[in-house]
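Below is one structure; the comments refer to it alone.
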Protein chains: 2
Amino acid sequence: MEDRIDRIKKQLHTAGYKLTPQREATVRVLLEHEEDHLSAEDVYLLVKEKSPEIGLATVYRTLELLTELKIVDKINFGDGVSRYDLRKEGAAHFHHHLVCIECGSVAEIQEDLLEEVEEIVERDWKFKIKDHRLTFHGICYRCQQKHAEEQNQKE
Amino acid sequence: MEDRIDRIKKQLHTAGYKLTPQREATVRVLLEHEEDHLSAEDVYLLVKEKSPEIGLATVYRTLELLTELKIVDKINFGDGVSRYDLRKEGAAHFHHHLVCIECGSVAEIQEDLLEEVEEIVERDWKFKIKDHRLTFHGICYRCQQKHAEEQNQKE
DNA sequence: TTATTATATAATAATCATTTTCGTTCTTTT
DNA sequence: AAAAGAACGAAAATGATTATTATATAATAA
Ligand SMILES: [Zn+2]
Ligand SMILES: [Zn+2]
Ligand SMILES: [Zn+2]
Ligand SMILES: [Zn+2]
């Protein structure tokens, strides 16, 4: 945790920014919720627990800064809010997501899976890929199980 | 064009809705701009040219309805507005997009490209895929050319 | 050390997209 | 025709995000 923060601090310095207490508090919340997909408001409320004097605008500014530096990725699942996702250290590309249309859960896929697809796109569309967003909408395992149980009860 | 509208009319009827004049005007705009990626506001302004009495809320309601019926797909490229994309007739899946981070242009990929990836995801993650969103961010051919020219001028 | 400058901040206020409300109109059913 | 239901337009409300403004803090120059 601490060394991770140290490295982020260096990334900020390299880009000419400082890790202010507010920024550190925000980064800590993101690190403590690496599995989640927090909205700006979510982050704000969590940061506020430890540092009640922080402002919402500061959280937005910090998240924007971290996005610029590719420390976090901003993603939108179509529910009207942007969510912020800590990028795995050393990951070249943004990871993928599985969004359950029944329970709303979001799972992550860290595997790349797109190498071949990207080769095809770069070759056939002459498009230089810098980043990608891949989200699957469907039914998670848990919800599939629930359906199966309901079927059994009927019989 | 007319038969396409007829089929959409049937889809609405099947779901218990009517193709009112306002809805028809909206659908026509979408058909006439199949290549574009219009925002609700864009659609509103275009519909207004032919039917000035239409309200913005009606356009939003219509786009929402068409999204529900999978006639259009709602997509968000991260610029704060939702865009509405007519789904190709008979297409099982939503098509993919190439967004240029320099000029903002959006190109479409109609090829599926994800068959294998989806097989892997359904098998390994036990996730029943219903739909997907795949967007590549990068540099379009035209912008690459522009860069190349700039390089030549320097030399 | 003191003055100056730049950066970052909290607390608003403002903006912009989208949704909701509500009174009206148009259709369908009785 | 009367009643009920669906759809509408205009305006108000909402909610996420950004801009503004006045302070504070830190870095630099005098
Ligand atoms: Zn689920
Ligand atoms: Zn994620
Ligand atoms: Zn371009
Ligand atoms: Zn498209």
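Side-chain atoms are counted along with the backbone in the values below, which use heavy atoms only and exclude waters and symmetry mates. Chain letters run A, B, ... following the sequence lines, proteins first, then strands; residues in each count from 1.
A donor-acceptor pair shorter than 3.5 Å can be found between the side chains of A:Y141 and A:Q145.
Pair check for D:dA30 finds C:dT1; Watson-Crick or G-U wobble, both atom distances under 3.5 Å.
Listed by chain and number, the hydrophobic cluster partners of A:I101 are A:I139, where partners are ILVMFWY side chains within reach of under 4.5 Å, directly or through others.
Screening A:R142, A:K146, A:H147 for a side chain to side chain donor-acceptor pair (under 3.5 Å) with A:E102, the sole residue that qualifies is A:H147. Screening A:L98, A:D85, A:V99 against A:V106 for a side chain to side chain contact (heavy atoms under 4.5 Å, CB included) leaves a single residue, A:V99.
The salt bridge (charged side-chain N to carboxylate O under 4.0 Å, His left out) test applied to A:D3 returns no partner, not counting sequence neighbours.
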| note | Nucleotide by nucleotide, nucleotides 5-22 of chain C touches protein heavy atoms under 4.0 Å in the pattern (B base, S sugar-phosphate only, - none) ---SBBB-----SBBBB-

